[in-house]
Protein chains: 2
Amino acid sequence: MYSSELIKGTLKTIVLKLLSKQEKMYGYEMTQHVKELTGGKIQLTEGALYPTLHAMEKQGILSTEVENVGNRIRKYYRVTPTGRQVAENKVNEFSAFMETMMVLLDIQPKMG
Amino acid sequence: MYSSELIKGTLKTIVLKLLSKQEKMYGYEMTQHVKELTGGKIQLTEGALYPTLHAMEKQGILSTEVENVGNRIRKYYRVTPTGRQVAENKVNEFSAFMETMMVLLDIQPKMG
DNA sequence: AAATAATGCATAAGAAAATTAGGTATATAA
DNA sequence: TTATATACCTAATTTTCTTATGCATTATTT
């Protein structure tokens, strides 16, 4: 697990990237997906995730549809066309930011 | 300039790295140094920097010495031996975090 | 000479984003 | 039947940063 300091500010970017790759997802699914993809090193907390999802919906970046699974509710999120643009910008910005940080911190890129 | 969201949580890491490379520095000098090194893309604000420096000093990560330059005061900061270890850990953690984020966001490493 | 910008420190109010902790409810495994 | 997993949500608090302000000295521009 990374210190929570580092992860700050990346939540929206992560959510938007997930939803750019996968038509629709619900909140809990996102937490599990990220946990798996990062080997448990990043774990989205629900207390942070849900308010952020609501905010992004309000901003027109995400849209929702509710589905009933058994007696439970699932709220699926999708990126809107606007959101898709925001997603791309966010990822590009993060990418540029990382390059800058690598210079600043003398970090060598890993050769695949 | 990157959105302030992204830069959040990296301030201590940046300061510790600067001071690991350069025996001693004063606050204002750090702001200028980072500005130059990043082509203005990251700018440490004094409102964030000074309180953080004070906190790190209190934690024993940094030590200070005041110098009079003309009639002005300069407060130099150094990393303590403890701080040097913290610095290394922080940079390593950030490096690992970036790798994780690259996987998560499908970002390709730049070949030098 | 006077005004502005740059240097250099500092704090304080407020905003933003997260953590922590709680709540509701169903399904399943031990 | 008790815990764990699924699935949503909110509220109080904490952390961290921004914005604004203040003080003082020195260098530069007009």
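Computed from a prediction, not measured in an experiment: that's the story for all the values here. Only this structure's heavy atoms are used, side chains among them; waters, hydrogens and symmetry mates stay out. Chain A is the first sequence line, chain B the second, and so forth, proteins listed ahead of strands; every chain is numbered from 1.
Contact check on B:E29 versus B:R74 returns no salt bridge, with no Lys/Arg side-chain nitrogen under 4.0 Å from an Asp/Glu carboxylate oxygen. The pair B:E5-A:K12 counts as a salt bridge, with a side-chain nitrogen and a carboxylate oxygen less than 4.0 angstrom apart.
Checked against D:dT6, D:dT16, D:dC9, the side chain of A:Y77 finds its nearest nucleotide in D:dC9. Checking C:dC9, D:dT16, D:dT10 against every side-chain atom of B:K12, the shortest atom distance belongs to D:dT16. The listed nucleotides are C:dT7, C:dA17, C:dA10; the one nearest the side chain of B:K8 is C:dA17. The listed nucleotides are C:dG8, C:dA10, D:dC9; the one nearest the side chain of A:K75 is D:dC9.
Residue contacts shown for A:E5 are limited to sugar-phosphate atoms, with no base heavy atom under 4.0 Å away. Counting non-hydrogen atoms under 4.0 angstrom, A:G70 reaches nothing in the nucleic acid. Looking at heavy-atom distances under 4.0 Å, B:E46 makes contact with a base. Counting any heavy atom pair closer than 4.0 Å across all strands shown, A:R72 reaches a base atom.
In this model, the phosphate group of C:dA18 is approached by a side-chain N or O of A:T52 to a distance below 4.0 Å at OP1 or OP2. For C:dC9, neither phosphate oxygen OP1 nor OP2 lies less than 4.0 angstrom from any side-chain nitrogen or oxygen of B:H54. The phosphate of D:dC9 (OP1 or OP2) has no side-chain N or O of A:Y50 nearer than 4.0 angstrom. Residue B:S4 places none of its side-chain N or O atoms closer than 4.0 Å to OP1 or OP2 of D:dC17. Distances shorter than 4.0 Å separate some side-chain N or O of B:Y26 from OP1 or OP2 on C:dG8.
A straight line from CD1 of B:I7 to C1' of C:dA17 spans 15 Å, rounded to a whole angstrom. Separating the CD atom of A:E36 from the C1' atom of D:dT6 is a distance of 14 Å, rounded to the nearest angstrom. Separating the CG atom of B:L44 from the C1' atom of C:dA10 is a distance of 16 Å, rounded to the nearest angstrom.
Taking the salt bridge (Lys or Arg N to Asp or Glu O under 4.0 Å) definition, one finds that B:K21 meets it with A:D106, sequence neighbours left out.
The residue from B:K75, B:K24, B:R72 that alone fulfils the salt bridge (charged side-chain N to carboxylate O under 4.0 Å, His left out) condition with B:E67 is B:K24.
Within the model, atoms CG of B:L16 and CG of B:L62 stand 6.0 Å from one another, a figure rounded to the nearest 0.5 Å.
Residue B:R74 is the one, among A:G47 and B:R74, whose nearest nucleotide of DNA chain C lies closer to the 5' end (criterion: closest heavy atom). Summary of the strand contacts: A:I73 and B:N71 both lie near DNA chain D, and taking for each the nucleotide with the nearest heavy atom, the more 5' one is attributed to A:I73.
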